[in-house]
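All values below were derived from every heavy atom in this structure, side-chain atoms included, with hydrogens, water molecules and symmetry-related copies excluded. Note on naming: letters A, B, ... go to the chains in the order of the sequence lines (proteins, then strands), and numbering restarts at 1 for each one.
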Protein chains: 2
Amino acid sequence: MTDSNSSKRPTIYDLAQIVGTSPTAVSSVLNGSWKKRRISQKLADKVLKAAQDNGYTVNIQASVLRRERSNIVGMILPKYDNRFFGAMAEEFETRARAAGLFPVITCTQRDPALELSAAREMLSYQVDYLICTGATDPDQITDLCRGAGVKTLNLDLPGTKAPSILSDNFTAARDLTRVILDACERDFGVVEPLLFIGGRSDDHNTRERRRGFLEAHSERSISVPDERLITNGYAPEKARHTLTALDHVPHGIFVNSTITLEGVVFWLQSLPPERAAEIRYGSFDWDPFGALLSQSVGMVRQDVGALLDLTFQTMQSGQDAAEMQLVPCALVMPKF
Amino acid sequence: MTDSNSSKRPTIYDLAQIVGTSPTAVSSVLNGSWKKRRISQKLADKVLKAAQDNGYTVNIQASVLRRERSNIVGMILPKYDNRFFGAMAEEFETRARAAGLFPVITCTQRDPALELSAAREMLSYQVDYLICTGATDPDQITDLCRGAGVKTLNLDLPGTKAPSILSDNFTAARDLTRVILDACERDFGVVEPLLFIGGRSDDHNTRERRRGFLEAHSERSISVPDERLITNGYAPEKARHTLTALDHVPHGIFVNSTITLEGVVFWLQSLPPERAAEIRYGSFDWDPFGALLSQSVGMVRQDVGALLDLTFQTMQSGQDAAEMQLVPCALVMPKF
DNA sequence: AACAAATGCTCAACCGATGGAGCATGATTG
DNA sequence: CAATCATGCTCCATCGGTTGAGCATTTGTT
C-alpha cells in the first residue's frame, strides 16, 4: 500500500524494482512517452498502479535537468495588493496550467534591485520564458535573460527590447475623462478642467493617461492649467495631503490608480457631507468598493483576460520583436 | 564581457575552463563553501569575476538534485483577490528570502482538487516544507506530504495532523460584535440582535466567529434567533440577494468577510439614503475602501505579520505536532 | 524456410552541481 | 634531514529522470 521502510520518496528506480522492470520503462510510462517507446499496455498498467500505491511524484529537478526545456514560465509582479495584479497572477496561473506549463510567480515590491534578483532567480529555475509585469526597468531584465537564452515579455509597462503588451491607457483615460466632464456638467452645470491626481510623470502609463485626459479636455476646448496635473506618486497619504492642502478642488477628479483612490476617498470622507456631494470622480483601475461610492461616476477596468490571452499567444508564437500591442479597457459605470 | 558564442547559459564547467581550474573549485567558490575547502582568495576572486562577466546563474535543478535539502518552501493559497491573502503572499515571500529560502506560491481557487494537485506539484519541486493556507482539506495534504517526508503547516484554517496557526477568530468576532452593538445603541437607541452574514457553517473560522458573535450577544442577554445567522457562502451576490429579500434587516450587521462585504455595500447603495443611514456594520477582514464608508463602525484586521512570524518560527523549530496556535487580531476603528 | 519488420524492452550516457576522498606541494618541527 | 602538518587544489561518484542506441523475441511476407 504505502511505502514500507524508507521515509524518502520513491524514485523510478524503486518502482522499477517493485514492478520488476527497468527505470527507463517506468520513466517512459510516467511521462507519457511509453506509446512511442513501444511499452505494452500491460506493463504500463502495472507501473501506473505501483506509482499510485507508493505515492510517487516525479522529481522535477531531475527531470528538468535532463531535458532541454523546463516547461516552467516565470512571472514577476510588483505587488499582490490590488485587484489588478491579483487578477493577473490568478489568470496567469490558470492559463499556464491549461497549457501544460508550470507557473512560478514572484513579487518584487516595485523595487528595481529586487526585480533584477528575482529575474536571476527565475533563470536559476531554468524558466523557458519570463513575463515581466509592471517592471521599472524591463530592458535590463531582457538583457539579463537574453544572455541566458531566455525570452521575455513586458506586461502592463512597455520596454524597448522585448514584446510589450499593455492596456490602451490613452483611449481609456480619454473616455473616462469625458464621463467625468459629462457628470460635472450634468450634475452641477459646470464646465471646468478636472484634477488629475496620482502616478509618476516618468511612468509610461501615467503619461499615456495624462495624454488621454488632456485630449478629452481639448476636444471641448477646455484648457488645463499645470497645477491641475498632480503626479507626485501613487501613495494614498500623498493624495490626501495634496487635496487637503489645495485651496480649490474642482468638482471632477481623475484618479490615476486605486491605490491613490484610497487617499482621495479618505479625503472625501473628511469633508462635510454637502461639500462631498459636490465631487465626482473616476478612477483608473477597478475596485469593487471604490466603484460603490456615490461620487464615483466610472472606473476603468483593464481587461486582464485579454491581456493574458495575448501574452500567451505572443509567447507561444515565439515572437521576439520589441512590438507593442494594446488591449482595450472596459469602462465600468455605476449600476444605480 | 558577455558570453561569446553559445546561446546557452554558462555552467561551472565553462567557468572552470575559462579560469583554468576545476569545476569543483568553481562550485565551492560560488556556493560559499570555498573557505572550508581551502580555496585561495586569489582563485576565488578570479572565479567570481568570471561568473560576473559571463552572467552565470546557478542551475537550481542540478543543485537541488544533488543536495539533500532544497531550501525551497512552498505555500498554497486560495486566492489573490483580497487584501488578506495578498498580504500573506507578500509577507511570506519577504520572510522566506530573509531566511535564505526560495518561496514558491501557487493559488488553488478554493478548489479541493486543485489543492491536492498543487501540493503534488510542490512535492515535485522538492520543497522542504509546505504551508497550506486556507485549505479546504488540509489533513489530506498533510498525509500526502508526510508520505514524501515533507512537513506541512496549516495557516488560517486548522487541520488535525499538522501544526495550525490561525487568528483568534472568536475573540476578534466578539469584540467586533460589541462595537456594532454599541454603535446601534448609541446612534439609534436600539438593543437588538445583529445580523450575521457570510461564510459557510462547515468552515472552522465561520464557526468560531459565530461563537464570538453569540457570546457578545449573550453577555448582554440578547438572544439571537436562527434567522439572524446567515451562512450561505461568501459570494457578494448571495449576500445582496439575501438582504434584498429580507423583510426586516436590523440596524447592525456583522459581515463575515470583505468578499461578502461587497454584496452588503452594493445593497446599501441601493437603499434610499435615509434608510442606508440607519445601518451600521462591522466586517471581519480589512479593506481600505470598506473601512471608509460612513456606515462602517469597525473592521477586524488580521495580523498577517504575526501570523507569518509564528509560521516561520514553527517551521524552523521543526515542531511537528498538531498543535493549534492563535494570533490576536486588531480591531480597526473608523478614523473620523 | 529464410528474411524482414514490428514489438517490447534494457543499457548507458548524460544534464549541472556537490562533497568526500585524496594527492601534490611547501612549511614546520624534533 | 626525515616526519608531520597545513595548504590548495582535483577526481570521481552521485542525485533522479531522459533519451538515443541497441538487443532479443515475435509476427508477417513471399
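For A:Tyr56, a side-chain nitrogen or oxygen approaches OP1 or OP2 of D:dG17 to under 4.0 Å. Between B:Ser40 and the phosphate of D:dT7, there is no side-chain N or O to OP1/OP2 separation shorter than 4.0 Å.
Looking at the side chain of B:Asn59, the nearest of the listed nucleotides D:dG17, C:dT10, C:dA17 is C:dA17. Of the candidate nucleotides C:dC15, D:dA13, D:dT18, D:dA13 has the atom nearest to the side chain of B:Arg66. Minimum atom distance to the side chain of A:Thr21 is reached by C:dT10, of the listed D:dG16, C:dT10, C:dA17.
Computed from coordinates, the B:Asn71 CG to C:dT18 P distance equals 11 Å when rounded to whole Å. Here the P atom of nucleotide D:dG17 and the CD1 atom of A:Ile60 are 11 Å apart, to the nearest Å. At whole-Å resolution of the value, CG in B:Leu15 and P in C:dG16 are 12 Å apart. Atom CD1 of B:Ile39 and atom C1' of C:dC23 are 14 Å apart (whole Å). In this structure, A:Ile12 places its CD1 atom 12 Å from C1' of D:dT19, rounding to the nearest Å. We find that CD of A:Gln61 is positioned 13 Å from C1' of C:dC15, with the value rounded to whole Å. In this structure, CZ of B:Arg67 is placed 8 Å from P of C:dG19, rounded to the nearest angstrom. The NZ atom of A:Lys42 sits 17 Å away from the P atom of C:dT7 (whole-angstrom rounding).
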Identify every side-chain donor-acceptor pair in residues 306-313 of chain B under 3.5 Å, counting partners at least two apart or on other chains, and give the distances.
| unit_1 | atom_1 | unit_2 | atom_2 | d |
| --- | --- | --- | --- | --- |
| B:Asp309 | OD1 | B:Arg95 | NE | 2.7 |
| B:Asp309 | OD1 | B:Arg95 | NH2 | 3.0 |
| B:Thr311 | OG1 | B:Leu307 | O | 2.7 |

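For the pair B:Asp128 (side chain) and B:Val73 (backbone), a donor-acceptor distance under 3.5 Å is absent. No donor-acceptor pair under 3.5 Å is formed between the side chain of B:Lys79 and the backbone N or O of B:Phe85. No side-chain donor-acceptor contact under 3.5 Å links A:Arg146 to the backbone of A:Thr152. Under the 3.5 Å distance criterion, the side-chain polar atoms of B:Ser70 are matched with a main-chain donor or acceptor of B:Gln126. The closest donor-acceptor contact from the side chain of B:Arg9 to the backbone of B:Thr57 lies under 3.5 Å.
With sequence neighbours excluded, the residues forming a side-chain contact (heavy atoms from CB on, under 4.5 Å) with B:Ile18 are B:Leu15, B:Ala50, B:Asn54, listed by chain and number. Qualifying ring pair (Phe, Tyr, Trp, His ring centres under 6.0 Å) partners for A:Tyr80, counting only residues two or more places apart in sequence or in other chains: B:Tyr80.
Rounded to the nearest 0.5 angstrom, A:Cys107 SG and A:Glu115 CD are separated by 10.5 Å. Between A:Ile259 atom CD1 and A:Phe84 atom CZ the span is 14.0 Å, to the nearest 0.5 Å.
Comparing the helix axis at one end of the helix from C:dA1-D:dT30 to C:dG30-D:dC1 with that at the other, each defined from 5 consecutive pairs, gives an inter-axis angle of 50° (nearest 10°).
Near-neighbour residues of DNA chain C inside residues 116-127 of chain A, defined by a heavy atom below 4.0 Å, are absent. Contact check of residues 22-38 of chain A against DNA chain C (heavy atom, cut-off under 4.0 Å) returns A:Ser22, A:Thr24, A:Ala25, A:Arg37, A:Arg38.
Considering only heavy atoms from C-beta on, B:Asn71 comes within 4.5 Å of B:Arg67 through its side chain. Looking at B:Leu123 and B:Val150, their side chains come closer than 4.5 Å, going by heavy atoms from C-beta outward.
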